[in-house]
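Working notes for the structure below.
The chain is numbered in sequence order, starting from 1.
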Amino acid sequence: MAVDLAMPVAAVIPVCLAEGRIYNVNDTLWAAIFAQESAADRVRFLRCLEARKRAENWTLLGHQLANTGRFLLDLPGQLLK
C-alpha cells in the first residue's frame, strides 16, 4: 500500500534551526502555522510561545550573569597590566 506524502511546493517553508543561525522560524513559519489553526488553538499556541520566550529569557539572563562574573574575576588582572 503506497502512501502519497507529496506536498505542494507553495506550502514548503525553508527554515534553519542550527544554533546561532536560526532563519525564517519566528516570522514565516509561525505565521503559516497560525493561518492553519482555529481561534482557540491560536490562543493556546500564543500562550505556549510566551512561556517559551520567558524560559528562554531566563536562560539568556543566566548566561549573561555567568559571563559578567567571569569578567569581574578577570578585571583586577586587566587593570594591573
One should read off an interatomic distance between H63 NE2 and T68 OG1, to the nearest 0.5 angstrom, of 12.5 Å
SG (C48) and NZ (K53) are apart, to the nearest 0.5 Å, by 13.0 Å
Quiz item: Quick one: do F34 and W30 end up in the same hydrophobic cluster if we chain Ile, Leu, Val, Met, Phe, Trp and Tyr together by side-chain heavy atoms under 4.5 Å apart?
Solution: yes
The reported gap from CD1 in I22 to CG in L29 (rounded to nearest 0.5 angstrom) is 11.5 Å
CG of D41 to CD1 of I33, rounded to nearest 0.5 Å, is 12.0 Å
*Joint cluster assignment, L49 & V25, ILVMFWY side-chain distance < 4.5 Å*: yes
Value for CD (E56) from CG (L61), rounded to nearest 0.5 Å, stands at 12.5 Å
Worksheet item: Cluster question for you: counting only ILVMFWY and a side-chain heavy-atom cut-off of under 4.5 Å, with indirect links fine, are L17 and I13 together?
Response: yes
Here the gap from R47 atom CZ to R42 atom CZ, rounded to the nearest 0.5 Å, amounts to 14.5 Å
- Report yes or no: do L65 and W58 belong to one cluster of Ile/Leu/Val/Met/Phe/Trp/Tyr joined by side chain heavy-atom distances under 4.5 Å? yes
Practice prompt. Would you indicate whether the side-chain heavy atoms of C16 and N24 approach each other to under 4.5 Å?
Written response: no
Apply the test side chain to side chain donor-acceptor pair (under 3.5 Å) to residues N67 and R70: give CA-CA distance (whole Å), side-chain angles for both, the deciding distance (0.1 Å), then the verdict. CA-CA 5 Å; N67 289 334; R70 284 189 214 98; 2.4 Å; yes
Open item on the list: Do F71 and L60 sit in one hydrophobic cluster, given that two such residues count as connected whenever their side-chain heavy atoms are within less than 4.5 Å of each other, even indirectly?
Closed with: no
